[in-house]
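Beneath this line is the structure, given in structure tokens, with notes to follow.
Proteins come first, then strands; the chains are lettered A, B, ... in the order of their sequence lines, and each starts at number 1.
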There are 2 protein chains.
Amino acid sequence: MARTQGSHSDITGPKVRDAALRLFARHGYAAVSMRQIAKEVGVQAGALYNYTPDKQSLLFSLLKGHMDDLLAAWEAEPKAGDALARLEQFTRFHIRSTVKTPEAIFISYMELRNLEPENFAVIEDLRGAYEDQLEQILRSGAETGAFDVPDPKIATMAVIAMLTGVNTWYRHEGRLSLSEVEGIYWDMVRKSVGG
Amino acid sequence: MARTQGSHSDITGPKVRDAALRLFARHGYAAVSMRQIAKEVGVQAGALYNYTPDKQSLLFSLLKGHMDDLLAAWEAEPKAGDALARLEQFTRFHIRSTVKTPEAIFISYMELRNLEPENFAVIEDLRGAYEDQLEQILRSGAETGAFDVPDPKIATMAVIAMLTGVNTWYRHEGRLSLSEVEGIYWDMVRKSVGG
DNA sequence: CTTTGATCTGAACGCGCGTTCAGATAACAA
DNA sequence: TTGTTATCTGAACGCGCGTTCAGATCAAAG
């Protein structure tokens, strides 16, 4: 029989997070039990509590980690260019992120309501910070006349919703390549803001 | 003490559906118990089973009813006009629907994964039929040259996602009136398809 | 080789779940 | 006024939930 006990922290830890992310995305936080996660990882349910104080913290940690990664990745992008170039950059960045980590993006939009108020506020702030990035681009483009957006706030919501929607249908093995999808969406986004 | 038993079928029935819709939308299907729904209605949990064979059927019935209503309402709309006029009609119709029955729209997109496969297929078909309406509009406009959409399928998904996104932020008491929102979105949709 | 400490098992805890059903109640028909 | 029937109550069912913890196991340090 294979080794079942001892030190596996650095292996089991990520496995727990991976399994939880996958299951939460597929079935929803409330519909997934700690025992299901444990089974996926290959341990008993009790062992999960070496890696999270409770189920709620596990969800929060996944969402927080994802938002931090997303914001950090965006910060790391080069910042050159005018509003139009920045908008293209954001469009492609968001689609690539959506396609690279679909489960994380998915639960970030679906499982917010399962967060306790305190945790919800934290994630909501981070999401606001991310959306602000797009809003600033649209706002600056509107000021210079590069864009025709009467209401940058609404335009931000519209563009984000459109881009995040890619999550619902994109498959790696699908008809279109990632860069084709990027191109089509960028074309629509650009035109929608009159750029 | 108020009357607690007897014949109330025509009162209790809608109350059950209303309570379930509201609670499912707020907390998610899996996170809501039959006892919570019953409490909202003002009966014991067992009484709910006079109105639904089980919890799953309650969810399915809400989703099915909503999709049927949505499709019927769209069918009832006048069909005159060219592709551009039809697209404006669809845009305004979808936003109005989204704003009028936000809970139903919400669970139609969020709770699909909680449907058993058989039920899922039914709702997915209805949703497909609805999205086809938009796709046909875009396709016909693309053929006549009224629109510039290289991929009508993708454009359909993009537009639907953008419009449904209104659900996430629109509030009746908000900064913008419904017709203002409609106007802003119609402007963006029209430009995005090159119309 | 021994000790230590991180890791995991397996059993248990109280609780709320979806669902069922016999019996109570009240509206209505006769 | 009485009988019928739709409706609801209240208790119960087996089950799986999140979580805890004593004890077993094993890698690594001394």
Side-chain angles (χ1 to χ4, degrees), chain A residues 1-24 26-63 107 111 113-116 118-119, chain B residues 1-24 26-63 107 111 113-116 118-119:
Chain A
M1 177 173 155
R3 179 180 58 191
T4 55
Q5 289 180 331
S7 291
H8 297 271
S9 177
D10 43 350
I11 299 173
T12 309
K15 275 174 106 178
V16 169
R17 296 175 63 84
D18 283 0
L21 181 65
R22 200 167 49 249
L23 290 171
F24 288 166
R26 181 130 54 202
H27 307 292
Y29 171 76
V32 172
S33 73
M34 294 299 271
R35 284 173 178 84
Q36 284 174 53
I37 298 171
K39 190 167 202 174
E40 196 87 351
V41 174
V43 297
Q44 295 295 318
L48 298 180
Y49 290 83
N50 288 318
Y51 304 96
T52 180
D54 48 44
K55 191 187 177 192
Q56 165 78 196
S57 302
L58 184 51
L59 174 61
F60 175 68
S61 166
L62 288 171
L63 293 178
I107 65 172
E111 303 298 347
R113 61 184 169 181
N114 288 306
L115 288 174
E116 287 158 10
E118 198 173 315
N119 291 335
Chain B
M1 180 173 154
R3 180 180 60 192
T4 55
Q5 288 181 332
S7 290
H8 298 272
S9 177
D10 42 351
I11 300 173
T12 309
K15 275 174 107 178
V16 169
R17 296 174 63 83
D18 283 0
L21 181 64
R22 200 169 47 249
L23 290 171
F24 288 166
R26 183 131 52 200
H27 306 292
Y29 172 77
V32 172
S33 72
M34 294 300 269
R35 285 173 177 82
Q36 283 174 55
I37 298 171
K39 188 166 203 176
E40 195 88 351
V41 173
V43 297
Q44 295 295 317
L48 298 180
Y49 290 84
N50 290 317
Y51 304 96
T52 181
D54 49 43
K55 191 187 176 189
Q56 166 78 196
S57 302
L58 184 51
L59 174 62
F60 175 68
S61 166
L62 288 171
L63 293 177
I107 66 172
E111 302 298 346
R113 61 183 170 182
N114 287 306
L115 289 174
E116 286 157 11
E118 197 173 314
N119 292 334

Closest to side chain of [X], choosing from [options]:
{"X": "B:Ala47", "options": "D:dT19, C:dT19, D:dT9", "value": "D:dT9"}
{"X": "A:Ser33", "options": "D:dC17, C:dT19, C:dT7", "value": "D:dC17"}
{"X": "B:Asn50", "options": "C:dG18, D:dT7, D:dC17", "value": "D:dT7"}
{"X": "B:Gln36", "options": "D:dT19, C:dC17, C:dG10", "value": "C:dC17"}
{"X": "B:Val43", "options": "D:dT9, C:dG10, C:dT19", "value": "D:dT9"}

Separation of [N] [atom2] from [X] [atom1] (nearest whole Å):
{"X": "B:Lys55", "N": "C:dT19", "atom1": "NZ", "atom2": "P", "value": "8 Å"}
{"X": "B:Met34", "N": "D:dT9", "atom1": "CE", "atom2": "P", "value": "14 Å"}
{"X": "B:Ile37", "N": "C:dC17", "atom1": "CD1", "atom2": "P", "value": "11 Å"}
{"X": "A:Leu23", "N": "D:dG18", "atom1": "CG", "atom2": "C1'", "value": "16 Å"}
{"X": "B:Leu58", "N": "C:dT19", "atom1": "CG", "atom2": "C1'", "value": "14 Å"}
{"X": "A:Gln44", "N": "D:dC17", "atom1": "CD", "atom2": "P", "value": "13 Å"}
{"X": "B:Lys39", "N": "C:dC17", "atom1": "NZ", "atom2": "C1'", "value": "16 Å"}

Worksheet item: Side-chain contact, heavy-atom cut-off 4.5 Å: A:Phe60 with A:Glu116?
Response: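 SC-SC contact between A:Phe60 and A:Glu116 ruled out.
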
Worksheet item: Looking at B:Thr12, does any N or O in its side chain come under 4.0 Å of the phosphate oxygens OP1/OP2 on D:dT7?
Response: no

Worksheet item: Nearest nucleotide by nearest heavy atom, which residue falls closer to the 5' end of DNA chain D, B:Leu48 or A:Tyr49?
Response: B:Leu48

Item to complete: Just call it for B:Val41: base, sugar-phosphate, or nothing, with non-hydrogen atoms closer than 4.0 Å on any strand.
Response: nothing

Worksheet entry | Under 3.5 Å: donor-acceptor pair, side chain of B:Lys15, backbone of B:Glu40 |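 Here the side-chain-to-backbone pair does not exist.
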
Discussion item. Looking at every heavy atom in both B:Ser61 and B:Arg17, which two are closest together, and how far apart are they?
Written reply: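 Of all heavy-atom pairs spanning B:Ser61 and B:Arg17, the closest is OG-NH1, 2.6 Å.
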
Worksheet entry | N/O donor-acceptor pair, side chain B:Arg35 with base C:dG16, under 3.5 angstrom | no

